[in-house]
Amino acid sequence: MKEDNIRNDISEKLITREELNSKVKELAARINNDYKGKKPVMVSILKGSIVFLSELMKHITIESSIDFIAVSSYQGGTQSTGIVKMIMDLRESIEGRNVLLVEDIVDTGLTVAYLRDNLKTRRPASLKLCTLLNKPANMEIDIKMDYLGFKIPDKFVVGYGLDYQEKYRNLPFIGTLKPEIYRKKIK
Ligand code: IMP
Ligand code: MG
């Protein structure tokens, strides 16, 4: 029987654990500086951004809080359906707060645009975006990425919170899947 190790499904490591660690520290340092005295609420977009948020917040030294919001646009495939659904809303009010949206990846931009428009109606003092990854090739909407980790090529990636059909989120690096993993799905 084949060994049960999800790393066997990875064809290419795109971003290593070390590169992720140092980028996260760099972003946190900028946030610490920009949000001094502003008590930001960092809003993690579930589920993909939980690893990024938890790594990032360890390096945040200013007073801050976290909250969660869940949306879905993929429904299990590797292409955005274009329809964004709110699955779970924030616990706290963001009126008058400095909100920093924390996302794993901006692909078409539809998810973040939807959330940006939705959250703006709640009158936050400010609303900014921190995303670990961006695929510039797929952007359909103009999105301001105030804090961006890495621009990546137009490849479907997994790990560090990102999934393929709910798998691979626990990989400590960002990688691409072997083509036969997708083929299995089509059969
Ligand atoms: P957008 O709405 O097209 O920008 O897509 C954003 C969401 O799609 C992200 O929050 C991810 O959950 C998911 N997504 C986009 N690209 C990838 C990828 O390469 N791997 C895993 N999930 C992705
Ligand atoms: Mg996501």
Side-chain angles (χ1 to χ4, degrees), residues 6-17 19-20 23-24 27 42-57 66-90 99-120 127-186:
I6 57 170
R7 291 182 190 215
N8 295 331
D9 296 350
I10 300 300
S11 61
E12 187 194 357
K13 229 188 222 188
L14 275 188
I15 310 172
T16 66
R17 203 174 180 145
E19 288 168 327
L20 287 159
K23 184 61 78 179
V24 161
L27 293 172
M42 299 199 289
V43 171
S44 161
I45 306 172
L46 295 175
K47 302 174 190 171
S49 75
I50 59 147
V51 175
F52 180 39
L53 174 79
S54 56
E55 292 300 313
L56 188 70
M57 66 188 283
I66 58 168
D67 205 342
F68 298 91
I69 199 162
V71 289
S72 155
S73 65
Y74 267 46
Q75 271 100 53
T78 61
Q79 298 256 295
S80 174
T81 57
I83 301 157
V84 183
K85 259 201 316 202
M86 171 95 69
I87 311 283
M88 188 192 88
D89 206 343
L90 295 173
V99 178
L100 182 60
L101 268 178
V102 178
E103 177 60 310
D104 52 357
I105 183 165
V106 175
D107 184 19
T108 61
L110 288 167
T111 304
V112 165
Y114 168 87
L115 283 174
R116 183 191 57 191
D117 295 347
N118 182 304
L119 297 184
K120 262 190 191 159
L127 179 61
K128 286 189 176 182
L129 172 66
C130 175
T131 180
L132 179 66
L133 307 173
N134 172 229
K135 284 186 217 170
N138 283 346
M139 297 282 286
E140 286 177 22
I141 301 181
D142 190 31
I143 299 287
K144 185 165 181 250
M145 286 166 270
D146 305 279
Y147 304 90
L148 167 63
F150 303 90
K151 284 187 184 171
I152 61 166
D154 187 14
K155 288 180 177 172
F156 191 79
V157 294
V158 294
Y160 209 79
L162 291 107
D163 73 309
Y164 173 62
Q165 298 186 336
E166 294 302 323
K167 262 169 83 178
Y168 310 106
R169 294 193 196 274
N170 50 317
L171 283 171
F173 54 84
I174 304 272
T176 58
L177 288 174
K178 291 178 180 166
E180 59 261 37
I181 304 297
Y182 303 113
R183 261 184 248 130
K184 267 186 215 155
K185 190 199 83 182
I186 296 158

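Heads up: numbering here begins at 1 and tracks the sequence. Atoms within a ligand are numbered from 1 in the order they appear, just like the ligands themselves.
- Contact annotation: the side chain of M57 never approaches that of V102 to less than 4.5 Å [non-hydrogen atoms, C-beta and beyond].
- Ligand 1 has at least one atom lying under 4.0 Å from a heavy atom of I105.
- Each of the following atoms of ligand 1 lies closer than 4.0 Å to a heavy atom of V157: 18 (C), 19 (O), 20 (N), 21 (C).
- Using a non-hydrogen distance threshold of 4.0 Å, K47 does not register as a contact of ligand 1.
- Here the closest non-hydrogen pair linking I10 and G175 is CG2-CA, 4.4 Å.
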### Chi angles and distances behind the side-chain contact (heavy atoms from CB on, under 4.5 Å) call for L132, L20
CA-CA 9 Å; L132 179 66; L20 287 159; 4.0 Å; yes
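- In this structure, of T131, N134, T111, D154, the residue bringing a heavy atom nearest to atom 2 (O) of ligand 1 is T111.
- Counting heavy atoms closer than 4.0 Å to ligand 1, residue E103 contributes side-chain atoms (C-beta onward) but none from N, CA, C or O.
- For G109, a nitrogen or oxygen atom sits less than 3.5 Å from a nitrogen or oxygen atom of ligand 1, counting backbone and side chain alike.
- Under 4.0 Å from ligand 1, the heavy atoms of D163 that appear belong solely to its backbone.
- Between I174 and F150, every side-chain heavy-atom pair lies at or beyond the 4.5 Å cut-off.
- No more than 12 heavy atoms of other residues, nucleotides or ligands lie within 6.0 Å of NZ in K151, so this atom counts as exposed by the packing criterion.
- Using bins of under 30°, 30° to 60° and over 60° for the plane-to-plane angle, the ring pair Y160/F52 lands in the tilted bin.
- At least one heavy atom of K155 sits less than 4.0 Å from an atom of ligand 1.
- Looking at K135 and L133, their side chains never come closer than 4.5 Å, going by heavy atoms from C-beta outward.
- Polar contact with ligand 1: absent for L162 (N/O pair, distance under 3.5 Å).
- For D142, the CG atom sits in a loose shell: 12 or fewer heavy atoms of surrounding residues, nucleotides or ligands are nearer than 6.0 Å.
- Taking every non-hydrogen atom of K135 and a distance limit under 4.0 Å, the qualifying atoms of ligand 1 come out as 16 (N), 17 (C), 18 (C), 19 (O).
- Using a 4.0 Å cut-off to heavy atoms of L110, the atoms of ligand 1 that qualify are 2 (O), 4 (O).
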